[in-house]
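To start, the structure itself, in structure tokens.
All values below were derived from every heavy atom in this structure, side-chain atoms included, with hydrogens, water molecules and symmetry-related copies excluded. In what follows, chains are A, B, ... by sequence order, proteins preceding strands, each numbered from 1.
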Amino acid sequence: MTEKVSLLHARDLSCYRGEVCLFENLGFELSAGEALQVEGANGAGKTSLLRIIAGMTPPDEGDVLWRGESIQDRRSDFNAQLAYLGHHLGLKHELTVEENLRASVVIQGAADSLGRLTDILRQVGLSERADLPVRVLSAGQKQRVALARMLLIGAVLWVLDEPFTALDAGGIGLISDLVGHHLDRGGLAVMTSHQAIPLGSRLRRLEL
Amino acid sequence: MWNMIWLFFHKLASPKHFYRISGLLIPWLAAITAILLVLGLYLGLFVAPPDYQQGESYRIIFVHVPSAWMSMFIYTFMAVLSAIYLIWNIKLADVMARSSAVLGASFTLLALATGSLWGKPMWGAWWVWDARLTSELILLFLYMGYIALVMAIEDVRTAARAGAVLILVGVVNIPIIHYSVEWWNTLHQGPTVTKLDKPSIHLSMLVPLLLMAGAFQFYYFTVVLMRARAELLDRERRSEWVRELMGR
Amino acid sequence: MSSGWQAFIALVKRDLLLAFRHRGELLNPLLFFMMVVTLFPLGVSPESSLLRTMAPGVIWIAALLAGLFSLESIFRSDFDDGALEQMVLSPHPLSLLVLAKVLAHWLVTGLPMLLMAPLLGMFLSLPAPGLVAMELTLLIGTPLLSLVGSIGVALTVGLRRGGVLLTLLVLPLYIPVLIFSTNAVSVAVAGLPIDGQVYFLLALLALAITLAPFATAAALRISLS
């Protein structure tokens, strides 16, 4: 038995949107190799919670700890281990798939992993599309480009907001596999989804 | 010792205590304002002798100069509050800053209006591009920019943080703008004698001037506390203490 | 080469590439610049002595407005498509990335205006020494305006109708640059040295390079939250 060490720790998080309280005194811990699925109706605050965990929105109360330290205090260290996939994918429509990936991977401080670019493009099924501008891709293919970026960044913590939108059955299987591998290697994932994710006991649920 | 002061401020910064303490303070501040104002106006309008050059019209400085001072004081004070808000995340600091903005803009407007009124007999025109008036005008733009920004952003916290950054950027720029305008003014109009900052001012004029400045200062504190209380009630209307207060 | 610089260069390259793919739009601020200047002889008087007096102010105000209107878009598409979120979550200092954005933006909008200014100077009968001073002040002044303006853009990028608000926030901060630059040009026309004005502008530029990216970065985080 190896003892689980909690890497991501949310303490007493509260979030208000104007008058409305989205959640209060919310807390969880997540260890290496575990995924958290955040569930809730539309407007329950799933995206807000994910943005708080990614450090983009400061919570109204409480804090998020990464390896025991507040993410707001150690932003650069935390960001180096974080990959975030939101509703907006952060892709430039006028640039090709490869140009997009090259630029954003270097901006994310993972220039060393560019050698794996061809492999990863094959993995997400886009090796034929590398030279096409992102503009001409379908929504599902764009999602795959964003996934390729996540793989290239090589982060420990994945924060995925509705990763299955716009994906076909193959794409859904792909993400499940990718997240599974990620957890096998000791990674963590926090995701929102209406889909059931086949990750077995490694998946924990949080109902908002 | 420091610990106790810190605790005191921390307690004061909690909305409930602030609401209670400011409620106790306001009548006193208002009374001091009234006394200073009556004294200052009496000494300024009836006791102080007419100016040997400008006759009676100079008496507008008893309003003009204190409002110009206040316009600058309030902006600086807002900058301090903004820094406190951004560093320690004390919401009260933002409430105070936001409540101050309209007052600051009003004092700036008053300084501009009285400056213009005073300029008519002095320079024969309602508006001249005097360095001080121009600086005041730009200060008015800065106040308006802040007010427009915090009103445009719906989320209270985002508005507060964006406004605080804007005020701090403004306060870094104000000395630069002020210096540039002074320099521009001496260049284009020659060294105009600004009658506002006479090197020596007679005591009979200085006393009412300082009394009026004090009156304006206390007026500001009175009104800003009243505005801050209203703002607090609005923002905290969901909280326990406001419901208790309203239930009574 | 440190990875921070790699990121800086990658971002500048990406933005230049994007600008190149949209090269049709590059001309718009320049046309604006030119048209505003053209309106003055039509609206005031074509008399060359009058134009010469007004030239420094007219050209500078037109450049300032053209720069401000094009600056409005500096973070717009990044905000809309989520690239800004990725920038904020980068391990590199956001202020460094902001500096890269401003540099790329200046290269595609500020620099062309610099090339256009002599032509407009001739439209307004500005003599040669004035043209030299105009170029020099634009060279120092336009990046300065972009840096200061980026703070305002970052504060308003989350608002749907931020345009007019942006001008309200930023134009007062532009006044010192306007005063010293136009004065330098007028003084140069009169044949006097302009060292003082240039040093002052350089000092402002140094101040803006050191402080503005931090303010812009803070404002971007606020707009995204």
Side-chain angles (χ1 to χ4, degrees), chain A residues 15 17 47-48 50-60 71-72 74-96 98-114 133-135 142 146 149-150 153-155 157 159 161, chain C residues 1-26 73-101 103-104 108 157-158 214 217-225:
Chain A
C15 176
R17 272 287 167 270
T47 296
S48 301
L50 258 56
R51 292 176 71 89
I52 288 174
I53 292 170
M56 253 184 293
T57 314
D60 286 287
I71 59 169
Q72 301 289 345
R74 306 294 301 271
R75 208 179 323 245
S76 173
D77 294 343
F78 175 67
N79 284 355
Q81 306 185 45
L82 167 78
Y84 174 82
L85 179 59
H87 291 286
H88 302 294
L89 302 175
L91 301 173
K92 293 288 161 193
H93 284 192
E94 299 78 11
L95 301 187
T96 68
E98 190 175 335
E99 286 165 347
N100 259 299
L101 290 175
R102 283 188 180 278
S104 46
V105 166
V106 177
I107 292 167
Q108 296 297 326
D112 303 338
S113 64
L114 280 174
V134 168
R135 172 169 36 89
K142 285 176 191 154
R149 182 183 61 215
M150 261 185 28
I153 291 172
L157 172 63
V159 177
D161 198 356
Chain C
M1 190 164 59
S2 81
S3 83
W5 275 110
Q6 279 183 329
F8 181 89
I9 290 164
L11 188 52
V12 173
K13 271 192 191 161
R14 189 201 74 179
D15 276 15
L16 291 182
L17 191 58
L18 278 170
F20 178 70
R21 300 266 153 94
H22 280 291
R23 50 194 173 277
E25 290 169 22
L26 287 182
S73 64
I74 181 169
F75 299 122
R76 169 62 54 201
S77 68
D78 287 352
F79 183 84
D80 290 340
D81 65 21
L84 199 56
E85 290 176 351
Q86 299 295 332
M87 265 172 65
V88 164
L89 297 178
S90 146
H92 302 301
L94 184 54
S95 46
L96 184 70
L97 301 179
V98 163
L99 207 54
K101 295 272 318 168
L103 174 65
V108 295
V157 71
F214 291 98
L220 282 177
R221 286 188 200 282
I222 292 166
S223 287
L224 272 181
S225 68

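If you check the side chains of A/Glu94 and C/His22, you find a donor sitting under 3.5 Å from an acceptor.
Contact of the C/Ser90 side chain with the A/Gln108 side chain is registered, since non-hydrogen atoms from C-beta on lie closer than 4.5 Å. A/Asn79 is not listed as a side-chain neighbour of C/His92, based on a closest heavy-atom distance of 4.5 Å or more. Here the side chains of C/Leu18 and A/Leu95 are in contact, with some heavy-atom distance below 4.5 Å. Counting heavy atoms from C-beta on, the side chains of C/Arg21 and A/Glu99 come closer than 4.5 Å.
Rounding to the nearest 0.5 Å gives a distance of 10.5 Å between OG of A/Ser104 and CG of C/Leu11. Rounded to the nearest 0.5 angstrom, C/Ile9 CD1 and A/Ile107 CD1 are separated by 12.0 Å. Between C/Gln86 atom CD and A/Tyr84 atom OH the span is 8.5 Å, to the nearest 0.5 Å.
Along residues 218-225 of chain C, the residues that come nearer than 4.5 angstrom to chain A, judged on non-hydrogen atoms, are C/Arg221, C/Leu224, C/Ser225 in order of number.
When the shell of 6.0 Å around NZ of C/Lys13 is examined, it contains 12 or fewer heavy atoms from other residues, nucleotides or ligands.
For A/Arg102, no part lies near chain C; criterion is any non-hydrogen pair under 4.5 Å. Contact annotation for C/Asp78: both backbone and side-chain heavy atoms come within less than 4.5 Å of a heavy atom of chain A. Only the side chain of C/Leu97 comes within less than 4.5 Å of a heavy atom of chain A; its backbone N, CA, C and O stay farther away. Contact of A/Ala111 with chain C is made through the side chain alone, with heavy-atom distances under 4.5 Å.
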Quiz item: How far apart are the C-alpha atoms of A/His88 and C/Asp80, what are their side-chain angles, what is the distance that settles it, and do they pass the side-chain contact (heavy atoms from CB on, under 4.5 Å) test?
Solution: CA-CA 8 Å; A/His88 302 294; C/Asp80 290 340; over 6 Å; no

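The candidate from C/Ala83, C/Ala100, C/Ser77, C/Pro91 with the greatest count of non-hydrogen atom pairs under 4.5 Å with chain A is C/Pro91. Between chain A and the options C/Asp81, C/Leu94, C/Leu84, heavy-atom pairs under 4.5 Å are most frequent for C/Asp81.
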